[in-house]
Amino acid sequence: MTRTADLIADVAAVLLSEDQIQEKVAELGRRISADYAGRELTLVSVLKGSLPFMADLMRAITIPVQIDLMEVSSYGGTATESSGLVRILKDLSSSIDGHHVLIVEDIIDTGLTLNYLVRYLRGKNPASLRICTLLDKPARRLVEIPIDYRGFEIPDQFVIGYGLDYGERYRNLRFVGVLRPEVYTSPA
Ligand code: PRP
Ligand code: 7HP
């Protein structure tokens with residue numbers, strides 16, 4: 001059986017500690033609350049990776065919010081490389097027509113997932129559409145994405161934890177760490 005200790009053994013370095021993440025989430029919550037004061041905000045979380053970030057961010061926001069969840073998966077790529085081909089596994093539950101929408105993402109890497117999602121959500125006629133991401137890995141960007149709220153800019157390393165996975169593991173770690181390259185380069 002896998003224990004948290006086994007997961008931690010695969011971590012080369014802690015990139016962002018639990019405290020650093022929580023401090024940043026509180027700061028983003030304050031900024032978003034101030035920017036959207038007097039307006040109704042709908043947070044759209046992009047599952048599964050953004051689940052912990054969404055759960056913490058929505059509670060750091062002090063104005064009324066609605067939430068909705070989408071799940072997308074990129075296909076045709078590898079476990080560490082996105083392909084740009086995106087499939088919607090779970091669509092919005094409610095209309096966002098006329099709503100102020102903030103997309104909540106865990107990481108923007110190539111930008112291909114969000115490029116697809118932004119175009120998809122714009123087609124649903126929101127009053128405004130902005131992007132909040134915890135992590136931004138600009139070195140790998142293939143398409144330009146306007147980021148309105150950015151938690152941390154990170155180097156070009158494969159990271160896991162706080163929702164981020166490799167092969168569906170590590171999402172339950174409370175920090176963001178760099179995965180040991182042996183984990184994804186050595187044969188299973
Ligand atoms: C991850 C992450 C982003 C996307 C970013 O999702 O949550 O949605 O990749 O990569 P990109 O900028 O190169 O498109 P993934 O498809 O791994 O699904 P998950 O959230 O369920 O882990
Ligand atoms: C997707 C993704 N998932 C986990 N860790 C990373 O570094 C990633 N980049 N893009």
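Note that the numbering runs from 1 along the sequence shown for the chain. Atoms within a ligand are numbered from 1 in the order they appear, just like the ligands themselves.
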Applying side chain to side chain donor-acceptor pair (under 3.5 Å), run through Asn172 and Tyr162 and close with a yes or a no.
CA-CA 6 Å; Asn172 54 326; Tyr162 197 64; over 6 Å; no
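With ligand atoms numbered from 1 in the order given, ligand 1 contributes 3 (C), 7 (O), 8 (O) to contacts under 4.0 Å with heavy atoms of Glu105. With ligand atoms numbered from 1 in the order given, ligand 2 contributes 6 (C), 7 (O), 9 (N) to contacts under 4.0 Å with heavy atoms of Lys137. In the vicinity of Gln157, heavy-atom distances shorter than 4.0 Å reach the ligand 2 atoms 7 (O). Per-residue contacts place Asp109 under 4.0 angstrom from the following atoms of ligand 2 (heavy atoms of the residue considered): 8 (C), 9 (N), 10 (N). Contact atoms of ligand 1 toward Ile107: 2 (C), 3 (C), 5 (C) (distance under 4.0 Å to a heavy atom of the residue). Atom numbering of ligand 1 starts at 1 in the shown order; those under 4.0 Å from a heavy atom of Lys48 are 19 (P), 20 (O), 21 (O).
Within the 4.0 Å heavy-atom cutoff, Lys137 does not count among the residues contacting ligand 1. Residue Ile154 places every heavy atom at 4.0 Å or more from ligand 2. Using a 4.0 Å heavy-atom cutoff, Val159 is listed among the residues neighbouring ligand 2.
Below 3.5 Å of separation, one finds an N or O of Arg171 facing an N or O of ligand 1. Where the criterion is an N or O separation shorter than 3.5 Å, residue side chain and backbone included, Gly111 meets it with respect to ligand 1. Where the criterion is an N or O separation shorter than 3.5 Å, residue side chain and backbone included, Leu114 fails it with respect to ligand 1. Of the N or O atoms in Ser50, none lie within a sub-3.5 Å distance of an N or O in ligand 1.
Dense packing is recorded around CD of Glu71, with more than 12 heavy atoms of other residues, nucleotides or ligands lying under 6.0 Å away. Arg39 CZ: more than 12 foreign heavy atoms inside a 6.0 Å radius. Atom CD of Glu168 is surrounded by more than 12 heavy atoms from other residues, nucleotides or ligands within 6.0 Å.
A pairwise comparison of heavy atoms in Arg141 and Ile108 identifies NH1-O, 3.4 Å as the closest pair. Among all heavy-atom pairs drawn from Met70 and Tyr120, the shortest one is CE-CE2, 3.8 Å.
In summary, of the residues considered (Ile67, Asp106, Leu134, Leu47), a side chain to side chain contact (heavy atoms under 4.5 Å, CB included) with Met54 occurs for Ile67 alone.
With a heavy-atom cut-off of 4.0 Å, Asp165 touches ligand 2 through its backbone alone. Of all the heavy atoms of Leu164, the ones lying under 4.0 Å from any atom of ligand 2 belong exclusively to the side chain.
Remark: side-chain polar atoms of Ser17 are paired, donor with acceptor, to backbone N or O of Gln20 under 3.5 angstrom. In this structure a side-chain-to-backbone donor-acceptor pair under 3.5 Å is present from Lys90 to Leu69.
At a cut-off of 3.5 Å, with distance as the only test, a side-chain donor of Tyr149 or Asp35 sits close to an acceptor on the other residue.
Among Thr113, Val72, Val86, Leu117, the residue whose heavy atom lies nearest to atom 9 (O) of ligand 1 is Thr113.
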